[in-house]
Amino acid sequence: MKKDKIFLIGFMGVGKTYLGKRVADKLVLNYYDIDLEIEKRVELDVNQIFKEKGEDYFRKIENQILLQWDRSGIISTGGGIIQNSQNRKFLSDETNLVIWLNPSWKKVKSRIINSYRPLVLNRSVDELFELYESRIPYYEECADLQYNGSQVEALADLIKK
Ligand code: S3P
């Protein structure tokens, strides 16, 4: 079966956007980012949505957008999308290819620690690690494949295969 929706999942800072865009270019596929779709729908950026409307509202829109998703290409998701069981069920559908980007915690930590993300801003490193660990079983549950590296070429090859 040709899987034409390729979802990239993984914690904040694993490179879903960076790698997703480049791999889509390389494979001549459309590229989408669920966070951007949320921003377009709400007409606020992610940080403003968390601040002004709260995380539950963000999660509600994230869920609506994912469950209606029907466009093919490479689709980056937000790190927390797998916390919702409906989202996990949707992603796990056999018509999707789900790739878990999973570099080491050390790499992830260094990429997010000074980033301006709503869930990073008020958490200590220990709390972030706890969140990271708590999500691992969910990423595992949804993923068809796992990629631990950071090479565009290697990820594109994995998808082609
Ligand atoms: C979130 C990750 C963010 C964004 C939001 C919540 C999360 O996306 O969806 O800030 O819960 O991990 P990235 O994974 O692209 O940073």
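These numbers come from the heavy atoms of this one structure, side chains and all, not from hydrogens, waters or symmetry mates. Order of listing sets the numbers, starting from 1, for every ligand and every atom in it.
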With a cut-off of 3.5 Å and sequence neighbours excluded, list every side-chain donor-acceptor pair involving residues 15-27.
from	atom 1	to	atom 2	distance (Å)
Lys16	NZ	Gly10	O	2.7
Lys16	NZ	Phe11	O	3.2
Arg22	NH1	Tyr18	O	3.0

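Counting heavy atoms under 4.0 Å from ligand 1, residue Lys16 touches it through the side chain alone. Residue contacts with ligand 1 for Arg59 involve side-chain atoms from C-beta outward but no N, CA, C or O (heavy atoms, distance under 4.0 Å). With a 4.0 Å cut-off on non-hydrogen atoms, Arg135 touches ligand 1 through its side chain and not its backbone. When non-hydrogen atoms are compared, ligand 1 lies under 4.0 Å from the side chain of Pro118 (C-beta onward) but not from its backbone.
Of all atoms in ligand 1, numbered sequentially from 1 with element shown, those under 4.0 Å from a heavy atom of Leu119 are 7 (C), 11 (O). Close contacts between ligand 1 and Phe58 involve ligand atoms 5 (C), 9 (O) [criterion: under 4.0 Å to a heavy atom]. If you number the atoms of ligand 1 from 1 as listed, the ones under 4.0 Å from a heavy atom of Gly78 come out as 8 (O), 9 (O), 14 (O). Close approach of ligand 1 to Val46 (heavy-atom distance below 4.0 Å) involves ligand atoms 5 (C), 10 (O).
Among protein heavy atoms, the minimum distance from atom 16 (O) of ligand 1 is reached at Arg117 NE, 2.7 Å. Shortest contact from atom 2 (C) of ligand 1 to any protein heavy atom: Gly79 N, 3.4 Å. If you check which protein heavy atom lies closest to atom 9 (O) of ligand 1, you get Asp35 OD1, 2.8 Å.
For the pair Glu140 and Arg135, the salt-bridge criterion is not met [side-chain N within less than 4.0 Å of a carboxylate O]. The pair Arg59-Glu55 meets the salt-bridge criterion, with a side-chain N (NZ, NE, NH1 or NH2) lying under 4.0 Å from an Asp/Glu carboxylate O.
Residues Asp93 and Thr95 have side chains that bring a donor and an acceptor to within less than 3.5 angstrom of each other. A donor-acceptor pair shorter than 3.5 Å cannot be found between the side chains of Ser85 and Tyr138.
If you take CG on Asn47 and CD on Glu52, they are separated by 10.5 Å, rounding to the nearest 0.5 Å. Rounded to the nearest 0.5 Å, atoms CD1 (Ile34) and CG (Asn87) are 9.0 Å apart.
A donor-acceptor pair under 3.5 Å is formed between the side chain of Glu127 and the backbone N or O of Ser124.
Inclusion of Gly80 in the set of residues having an N or O under 3.5 Å from an N or O of ligand 1 is warranted.
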